[in-house]
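The figures that follow rest on heavy atoms only: side chains count, while hydrogens, waters and symmetry mates do not. Chain A is the first sequence line, chain B the second, and so forth, proteins listed ahead of strands; every chain is numbered from 1.
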Amino acid sequence: MIYSANDLKQFFKNVVEMIEDKKDYLSELDRKLGDGDHGVTMSIGWQAVNEQLDSDLKDEEDCTKISMAVARTFLSAVGSSVGPLYATGLLRGAKIAGNKSELNDSDLVNYWAAFVDGVKERGGAEVGDKTMMDTLIPFSETLKKQFTETGEASLAFESAVEAAKQGMESTKDLLSKKGRSSRLGERSKGAIDPGAASAYLILSIFLDSIKSLQHY
Amino acid sequence: MIYSANDLKQFFKNVVEMIEDKKDYLSELDRKLGDGDHGVTMSIGWQAVNEQLDSDLKDEEDCTKISMAVARTFLSAVGSSVGPLYATGLLRGAKIAGNKSELNDSDLVNYWAAFVDGVKERGGAEVGDKTMMDTLIPFSETLKKQFTETGEASLAFESAVEAAKQGMESTKDLLSKKGRSSRLGERSKGAIDPGAASAYLILSIFLDSIKSLQHY
Amino acid sequence: MKKLMNDPTNVVDEMIDGYLKAHPTYIQQSPKNSRTIVTVRETKPGKVGVVIGGGSGHEPGFMGYVGDGMADGVAIGNIFASPSPDPILEAAKLVDKGSGVVILHGNYAGDVMNFGMAKELAEMEDIRVETVLTTDDVASAPKEESEKRRGIAGEFFGFKTAGAAADKGYHLDDVVRVAKKTNENTRSMGVGLSPCSLPQTGEPSFVLEENEMEIGLGHHGEPGIEKGQIQSADQVADRLLNDILADMPLEKGDNVAVLVNGLGSTTRMELYIMFRRVEQVLKEKGVKIHRSYVGDYMTSLEMGGCSITLMKLDEELAELIDYPADCPMFVQK
Amino acid sequence: MKKLMNDPTNVVDEMIDGYLKAHPTYIQQSPKNSRTIVTVRETKPGKVGVVIGGGSGHEPGFMGYVGDGMADGVAIGNIFASPSPDPILEAAKLVDKGSGVVILHGNYAGDVMNFGMAKELAEMEDIRVETVLTTDDVASAPKEESEKRRGIAGEFFGFKTAGAAADKGYHLDDVVRVAKKTNENTRSMGVGLSPCSLPQTGEPSFVLEENEMEIGLGHHGEPGIEKGQIQSADQVADRLLNDILADMPLEKGDNVAVLVNGLGSTTRMELYIMFRRVEQVLKEKGVKIHRSYVGDYMTSLEMGGCSITLMKLDEELAELIDYPADCPMFVQK
Ligand SMILES: Nc1ncnc2c1ncn2[C@@H]1O[C@H](COP(=O)(O)OP(=O)(O)O)[C@@H](O)[C@H]1O
Ligand SMILES: Nc1ncnc2c1ncn2[C@@H]1O[C@H](COP(=O)(O)OP(=O)(O)O)[C@@H](O)[C@H]1O
Ligand SMILES: [Mg+2]
Ligand SMILES: [Mg+2]
Ligand SMILES: [Mg+2]
Ligand SMILES: [Mg+2]
């Protein structure tokens, strides 16, 4: 497929919309395990991104610059745990995008693989720690494996997002080991990790954006 | 009738018991119009009186000293609006008691008339101001009139306490003019004044104590 | 409503006990009356004594304001109840250095009676006592009856200026003059959002719906002048200022001190948001803010809400406001 | 849960606006980053810069502690959210006088990442930066994993000693040494009674029954270690002290500073009742209280509850605790 700069911007716009829709849910998850602000934080961050998409990035065609701007804007607007994590992911993806205005299948797979590596490096969490890594690592591994084996990017993303979903749901029964809920011990069982949820939602929005491409 | 020092002390003891029973009600009245503490204050004050009745006043036979001690103990324990008011009343009554160990009909009538005068002087309120004076002044006027006319103390107290009750109930529809609720204007209508209620209750306890005398 | 306490009947005395143990370099208790607290520090010879007091439940008011440049002694009542005459008299005796004592209190029935009785008793013991009332709450009576008004957060400014005046060596009459001038130049108004509860009853002091606020609520939970839909901070600030400025108009070039006071559970974040609007309004009018105080200065247990106080300053009052103070619950350099 | 605010999305920036307007003789905002506030006052040449920061919602922490003898600059995050690297870097730049900058922050995932990134960026600009974490909350991890512990009210002592050390002219390494020593000698534990709510959601941060309390609750509302029936103040104080002293045993003759910190809506009355028990327990053990702090020092919006912090003092730390300070929300003579 050909994923243009506009497609990329549209994807980020769709994330903005999804976050507004899901922010109360995300905050509710965070109230159980943390400080109740994950939805608020995501909303603040993505609203700031939205302003950039409507202004400075309106005519930007360089996918690297777009991704970097989104990263910096998000980080700058929110800080908190997810600022550095998502921003680092987006900056690594930005690097992969190689200043191109159109990304091909390989680019997209590498973008997201680099995204996940970036989040992992910044946060240092592993699968089983009850964080967004429980969503992102299965996603990334499935994505890379599937694409390597089949060469089919769409299908690879589809499987990967399914793995992401299962990863997110697995956080329900995990004992938290990182972040605010890691201090809960046994009490951290029974609720989905908020970051794992937001990561899954973002990935599934991306999957939707690929699928809608294919209708052209 | 002969009202002994022990009868006087027993009366005060009965007030203590009644206040514990009615304190929540009195505070509830005060929440509507004031700061919600009238029952608490009465309880603190009368509990302090109770301790005195059980200790220093145990063997006291002088009705003046008893009444003075109750006044000072009450005032010292609570301050607030009702401390000076009730204490001044009891001090005036104490003076009337003339250091006697037994009070006769005249003494009792004069005691309570002086009590009401004392409260009135201290607080400066009149009938219609929505205070305890709405209970006490009708009580005092009826008491003095009835006793002067009939010479019958028991019946005079009975009529007086009935007038007190009506006075208390009349506070429901009065606009407050003194104390905390006086700033309410129209909003002070519709609730019985807490001090008017506690004053009535004390007087009716006294009436009970006279009536139980007559059963000997 | 939950509280961290032991036997509710002992809350005030235990609070005092904890307070004395926390700040022994500032304060001590009278051996004769456990509700009288005075400064431990030497004050200048011949200094006019300053006594404050009232019900507890307003901390830092009143006991928190004993110290250098503020009050020398305090009489502590039960919660929301005026102290009885004894601890007031005892405070006056302890702080009297021969130049007389100024007693500052609020304009509540209980305070007027108890402090009045204490003054009579003090005079019988040849202590010269003057009392000055605070009547800053514009919501509690109309301008024509301003002598009936409640004292709320504005009492803080009275403590500050009278305490500073006394520390600067003013004579008794001038301390009184300053305290009266402060009162004449101070206006406040508050808003309540959520109730407090007395430890002994556990019951909320008033009821407001989830979306209601009450303008002009008293700082013991006494009903205010108007219940209505909760508004934005700017709208509330405008309303409070409107009533204050209608009562004490200010002109371009006037100099004021501002106090945005929290009633207990309102966050400092909200207080600063309220202050922001106060500053905007005053700036628009060309009124200069000499000094600002934002925080919990006169609370009402855990009540939600706040009050705005404006004090018009002349040169003397500005100097007294700026004068340093050092108390366990208030320090100013 | 009701609040006095305007548009909830603007609460932090409006609070900052109000704060700057209230205290212009203390603080100023960076023209480059609205979430960076620094002292307006001249500090001594060559002074080590002290930067603090974290999420808002804890006022007086953190922005209230910029001033003489405390921090020179602060980076202000969204409510309960670490600031991003930019305002932290900007603060470091502004307060650096060539002798390096110490940055003090709490041990939360967000803080560690954002302050870490800021430190890297500062070093790329040749500013020498050292960071010191506070890990005083004994409820948040066992002793064997104490480096994982949260920073709660004990951060105040870190600001106090590091700020004093820097003001006394200590070199960067010694300010760091002092900050680390403070952290090693400070332990805290808290209890929650009632929730706070974020302005943007209006939802209570946690749920407790009418008769429940939660021991070890985090100061952003993070769940604690034990929910149970609410107990008396003395029992709660004993429990908190028990866990603190089990972790940092004290002996007869030891010298401590005590902080009984209110989380927002808990009254000063209750805090002094809690302190009373702390003093009794320490006195029984023969531990000397050098200085006490009782009040709202590190709140959690309008949360109900409090924490107890003990800091073991040697001669150096005692001197630094006693050192004067002058900030908009904290003054000590
Ligand atoms: N080290 C980490 N690695 C990966 N994800 C993390 C890490 N620390 C925290 N998170 C994620 O951040 C989420 C919380 O985000 P948020 O509530 O917005 O931030 P905060 O913890 O600052 O309130 C958690 O649910 C978790 O998924
Ligand atoms: N000047 C007065 N004269 C007579 N009674 C008064 C006066 N002022 C107040 N009261 C009485 O005091 C009562 C309130 O008592 P209480 O609640 O115990 O004191 P406080 O007002 O100090 O909280 C009122 O209901 C009223 O009856
Ligand atoms: Mg969170
Ligand atoms: Mg009352
Ligand atoms: Mg009262
Ligand atoms: Mg957060």
Side-chain angles (χ1 to χ4, degrees), chain C residues 2-7 11-12 14-19 21-23 56-57 59-60 64 79 191 193-194 196 199 210-211 213 230 232-234 236 258 260 264-277 279 289 292 294-296 299 301-302 304-306 324 326 329 331-333, chain D residues 2-7 11-12 14-19 21-23 56-57 59-60 64 79 191 193-194 196 199 210-211 213 230 232-234 236 258 260 264-277 279 289 292 294-296 299 301-302 304-306 324 326 329 331-333:
Chain C
K2 299 182 230 181
K3 289 179 191 278
L4 285 164
M5 58 182 173
N6 301 305
D7 183 343
V11 282
V12 176
E14 287 184 1
M15 168 184 71
I16 290 172
D17 189 10
Y19 184 60
K21 300 275 170 57
H23 309 296
S56 39
E59 294 72 37
I79 297 174
V191 61
L193 262 54
S194 57
C196 61
E210 189 47 42
N211 64 341
M213 68 179 189
I230 185 169
S232 74
D234 285 0
V236 174
V258 177
V260 174
S265 64
T266 289
T267 63
R268 274 154 198 76
M269 179 176 287
E270 293 162 83
L271 299 178
Y272 277 107
I273 291 173
M274 291 290 285
F275 178 84
R276 172 181 171 272
R277 183 64 187 150
E279 190 271 347
I289 299 179
S292 305
V294 182
D296 291 358
T299 60
L301 292 171
E302 70 271 39
C306 73
D326 191 17
M329 301 199 219
V331 187
Q332 179 174 297
K333 292 203 178 186
Chain D
K2 301 181 230 185
K3 288 179 190 278
L4 285 165
M5 58 180 173
N6 300 306
D7 183 343
V11 282
V12 177
E14 289 184 359
M15 168 184 72
I16 291 172
D17 189 11
Y19 184 59
K21 302 273 168 57
H23 308 296
S56 40
E59 294 72 38
I79 296 174
V191 62
L193 262 54
S194 58
C196 60
E210 189 50 39
N211 64 341
M213 67 180 188
I230 185 171
S232 75
D234 285 0
V236 173
V258 176
V260 175
S265 63
T266 290
T267 64
R268 274 154 198 74
M269 181 177 286
E270 292 162 83
L271 299 178
Y272 276 107
I273 290 172
M274 291 290 285
F275 177 85
R276 170 182 174 271
R277 183 65 187 150
E279 190 271 348
I289 300 179
S292 304
V294 182
D296 291 357
T299 60
L301 294 171
E302 71 270 40
C306 73
D326 192 16
M329 301 199 220
V331 187
Q332 179 175 294
K333 293 204 179 186

Minimum heavy-atom separation for [X] to [Y], with atom names?
{"X": "D:Met15", "Y": "C:Tyr272", "answer": "O-CB, 3.7 Å"}
{"X": "C:Glu270", "Y": "D:Lys3", "answer": "OE1-CA, 3.1 Å"}
{"X": "D:Ser265", "Y": "C:Ser265", "answer": "CB-CB, 3.3 Å"}

Picking from D:Thr299, D:Val258, D:Asp326, which has the most non-hydrogen pairs under 4.5 angstrom with chain C?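 Answer, by heavy-atom pair count under 4.5 Å with chain C: D:Asp326.
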
For chain D, find which of C:Gly264, C:Ala233, C:Pro324 contributes the most heavy-atom pairs closer than 4.5 angstrom.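 Result: the option with the highest number of such pairs is C:Ala233.
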
Counting heavy-atom pairs under 4.5 Å to chain D, which of C:Ile16, C:Val294, C:Thr267 comes out on top?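 It is C:Thr267.
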
Engaged part of [X] at the chain D interface, taking heavy atoms whose separation is under 4.5 Å:
{"X": "C:Glu302", "result": "both"}
{"X": "C:Val11", "result": "both"}
{"X": "C:Ile230", "result": "side chain"}
{"X": "C:Met274", "result": "side chain"}

Let me know if D:Glu279 has heavy atoms under 4.5 Å from chain C in its side chain, its backbone, both or neither. side chain

Side-chain heavy-atom pair D:Met269, C:Ile79 within 4.5 angstrom cut-off: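 Result yes, sub-4.5 Å side-chain heavy-atom pair found.
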
Indicate yes or no: at least one non-hydrogen side-chain atom of C:Asp296 is less than 4.5 angstrom from one of D:Arg268. yes

Side chain to side chain contact (heavy atoms under 4.5 Å, CB included) for C:Lys333 and D:Lys333? Distances and angles first, verdict last. CA-CA 8 Å; C:Lys333 292 203 178 186; D:Lys333 293 204 179 186; 4.3 Å; yes

Residues two or more places apart in sequence or in another chain: which of them pass salt bridge (Lys or Arg N to Asp or Glu O under 4.0 Å) with C:Lys2?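 C:Lys2: no salt bridge (Lys or Arg N to Asp or Glu O under 4.0 Å) contacts found.
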
Check each of C:Asn6, C:Val12, C:Leu4 against D:Ile273 using the side chain to side chain contact (heavy atoms under 4.5 Å, CB included) test, and report the only one that passes. C:Asn6

Can you sort out the partners of D:Phe275 under ring pair (Phe, Tyr, Trp, His ring centres under 6.0 Å), two or more places apart, ordered by chain and number? none

